[in-house]
Amino acid sequence: MKSKVKYQCSDCGYESIGWMGRCSRCGAWDSLKEISDASPVKEAAVHQRRRAAAAPKQDGPQSMAEVSHTEVNRLDLGMAELNRALGGGLVPGSLVLLAGDPGIGKSTLLLQAASQAAASGEEVWYITGEESAEQVKLRAVRTGCEASANLWLWAQTNLEDILIQAQGRQPGLVIVDSIQTMYAPDLESAPGSTSQIRECAARLGAVAKANHLPMILVGHVTKDGGIAGPMILEHMVDTVLYFEGERHYPYRVLRTVKNRYGSTFEIGVFEMGGEGLTEVPNPSLAFLSDRPVSAPGSAVAACMEGSRPLLAEIQALVSHSNLAQPRRVVTGVDYNRVNMLLAVLEKRTGLKLGDQDAYVNIAGGIRLQEPAMDLAIAAALASSFRNKAIKDKAAVMGEVGLAGEIRPVAYPDKRAQEAEKLGMLMLFAPMGTKAKAKNSNIEIREAATLVEMLDLVFS
Ligand code: TYD
Ligand code: MG
């Protein structure tokens, strides 16, 4: 039988019987590639195998009351920041994807976690498809990972071998570095292709579920930020963690994007040094450590990331532009949000910013996105424009609306406590904050509009 020709989007996995220049599902250009392994017999066999591995013990639905429930025993990975991002440790049988730019430190993080988990008695497999076992060992020595007898290295890319061994020996944790290098030998396509990545992840997931075996997969990120290969990888796993940071800065942020077993938007903070990654239990202190004193254009934002309050320094520089269209350069915060704030400042407070270049940046090379940072960004811009410093030892929070009004933020109490803990004496905040933030002794100054607020913040 002649096999049918189909086309598949290499970004999202969408299939079509005709070629198109642009994927009609995800809109990517020139992403449809011909796939020829559409033999129905083979596909059926693949599905059969997948189903068999994941088959539940009995047929048909079950009453909710009868479904057994036991408190899950989460696996402690030895690092509080990593456990936090996972929602308190690794759930048995869960499939976790750790995504990030090449060179950001994914392998280092997982090797350190593997070593800690192994030291606590768990049999951990670190499967590397990118480096040789010797290279991994070299890194382990450099980062001081304990040479535990429970930590097993395996340079292997053949998925079938891995699954057979894992089902036979039942380790406590399997780490696959990376999913892009794995291949299922019964598929014709090359490692790293959409169908290989999808199939490998599906089979790993099925074995993880059936054996209550937690697995962590490493996935590389493409230049435009998607996980290389299909986006469907995100739907196939239980938890998606992003490891991010600027390469030239030491700080790395582990961000939870999806979590079936915990809250999303949690973050863990690490610092990359000569001996691998160290945890940063108090990120606010680290981010504010090199802050200039009484410098115009600098504001401390009281942010929240997940359940965690975080203080960060927003820096702005506004200076006269020689260009017809002034420059706006933004790193770490949302570009469109900064443009919106510039417009609100000009229209509602009368600052003539239209012919000014504006640069906005978060110190430390981290990235934060939250409406509550609006006021800090606006205050930093105004401060630089007027060349006047914001009051010393003050933090700022509040969302700014298009009418120039300052809107309330979530968890004002936690933010106020964090600011107080970090030695701030004053908090500039939306109306009503004082009533909500009763658990802190910091002095709270409230204002309803940006105009009123700009009268308060300068020293
Ligand atoms: P790596 O974990 O290999 O990144 P990934 O797996 O995400 O591609 O980390 C690579 C970078 O980390 C490399 O540029 C060097 C740096 N690094 C350190 O600065 N200190 C260290 O102790 C280690 C192990 C790596
Ligand atoms: Mg790596």
Side-chain angles (χ1 to χ4, degrees), residues 288 291-303 311-321 326 328-330 332-363 368-409 412 415-416 419 422 424-437 442-459:
L288 295 184
R291 190 171 169 248
V293 188
S294 314
S298 162
V300 174
C303 316
L311 298 195
E313 185 199 350
I314 311 281
Q315 298 187 326
L317 181 71
V318 177
S319 73
H320 183 75
S321 180
R328 270 78 173 101
V329 181
V330 176
V333 292
D334 186 19
Y335 178 79
N336 292 323
R337 202 82 195 171
V338 171
N339 277 323
M340 187 274 274
L341 290 168
L342 284 165
V344 173
L345 277 170
E346 173 134 13
K347 188 88 178 171
R348 307 288 171 203
T349 70
L351 299 186
K352 292 273 165 276
L353 295 163
D355 57 351
Q356 305 282 322
D357 287 335
Y359 303 84
V360 177
N361 172 21
I362 299 191
L368 296 170
Q369 270 185 13
E370 204 209 354
M373 293 167 61
D374 286 356
L375 190 56
I377 300 172
L381 286 164
S383 159
S384 175
F385 182 72
R386 294 184 176 170
N387 208 21
K388 264 189 181 170
I390 292 173
K391 285 204 172 85
D392 205 23
K393 294 198 186 306
V396 183
M397 66 185 200
E399 183 181 341
V400 175
L402 292 182
E405 81 279 20
I406 297 171
R407 299 166 164 272
V409 301
R415 297 177 205 250
L422 268 281
M424 298 290 152
L425 302 176
M426 211 178 280
L427 178 65
F428 294 103
M431 299 301 281
T433 304
K434 257 185 226 164
K436 288 184 206 145
I442 195 167
E443 182 186 343
I444 296 172
R445 297 273 186 95
E446 298 174 348
T449 66
L450 203 48
V451 177
E452 290 168 33
M453 190 54 99
L454 291 186
D455 284 340
L456 292 181
V457 296
F458 295 110
S459 50

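Everything numeric here is computed off the predicted structure, so don't read it as measured data.
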Exercise. Got a sec: does the NZ of Lys391 have more than 12 other heavy atoms crowding it under 6.0 Å?
Worked result: yes
Is [Y] close to [X] at the side-chain level, that is, under 4.5 Å between some pair of heavy atoms?
X: Asp357; Y: Pro326; value: yes
X: Arg415; Y: Thr433; value: no
X: Arg348; Y: Thr449; value: no
X: Ile314; Y: Ile362; value: yes

Would you give the length of the straight line joining atom [atom1] of [X] to atom [atom2] of [Y], rounded to the nearest 0.5 angstrom?
X: Lys352; Y: Phe385; atom1: NZ; atom2: CZ; answer: 8.5 Å
X: Leu456; Y: Arg445; atom1: CG; atom2: CZ; answer: 6.5 Å
X: Ser298; Y: Leu317; atom1: OG; atom2: CG; answer: 12.0 Å
X: Lys388; Y: Leu454; atom1: NZ; atom2: CG; answer: 10.5 Å
X: Asn361; Y: Ile377; atom1: CG; atom2: CD1; answer: 11.0 Å
X: Lys347; Y: Leu353; atom1: NZ; atom2: CG; answer: 14.0 Å

Problem set entry | Steps toward side chain to side chain contact (heavy atoms under 4.5 Å, CB included) verdict (Gln356, Leu351) | CA-CA 10 Å; Gln356 305 282 322; Leu351 299 186; over 6 Å; no
Check: residues 334-344 side-chain donor-acceptor pairs under 3.5 Å, at least two apart:
| from | atom 1 | to | atom 2 | distance (Å) |
| --- | --- | --- | --- | --- |
| Arg337 | NE | Asp374 | OD1 | 3.1 |
| Arg337 | NE | Asp374 | OD2 | 3.3 |
| Arg337 | NH2 | Asp374 | OD2 | 2.7 |

Using every non-hydrogen atom in the two residues, find where [X] and [Y] come nearest and quote the distance to one decimal.
X: Val409; Y: Gly398; value: CG1-CA, 3.5 Å
X: Met397; Y: Leu375; value: O-CD2, 3.2 Å
X: Leu311; Y: Ala419; value: CD1-CA, 3.9 Å
X: Pro292; Y: Glu313; value: CD-OE2, 3.5 Å
X: Ala358; Y: Leu381; value: CB-CD2, 4.2 Å
X: Met373; Y: Cys303; value: CG-SG, 3.6 Å

For this session: Can you sort out the partners of Arg407 under salt bridge (charged side-chain N to carboxylate O under 4.0 Å, His left out), two or more places apart, ordered by chain and number?
Result: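 Residues passing salt bridge (charged side-chain N to carboxylate O under 4.0 Å, His left out) with Arg407: Glu405.
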Problem set entry | Polar side-chain atom of Ser384 near backbone of Ala380 as donor-acceptor pair, under 3.5 Å |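 Not a single qualifying donor-acceptor pair exists.
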Problem set entry | Backbone N/O of Ala363 and side chain of Gln315: donor-acceptor pair under 3.5 Å | no
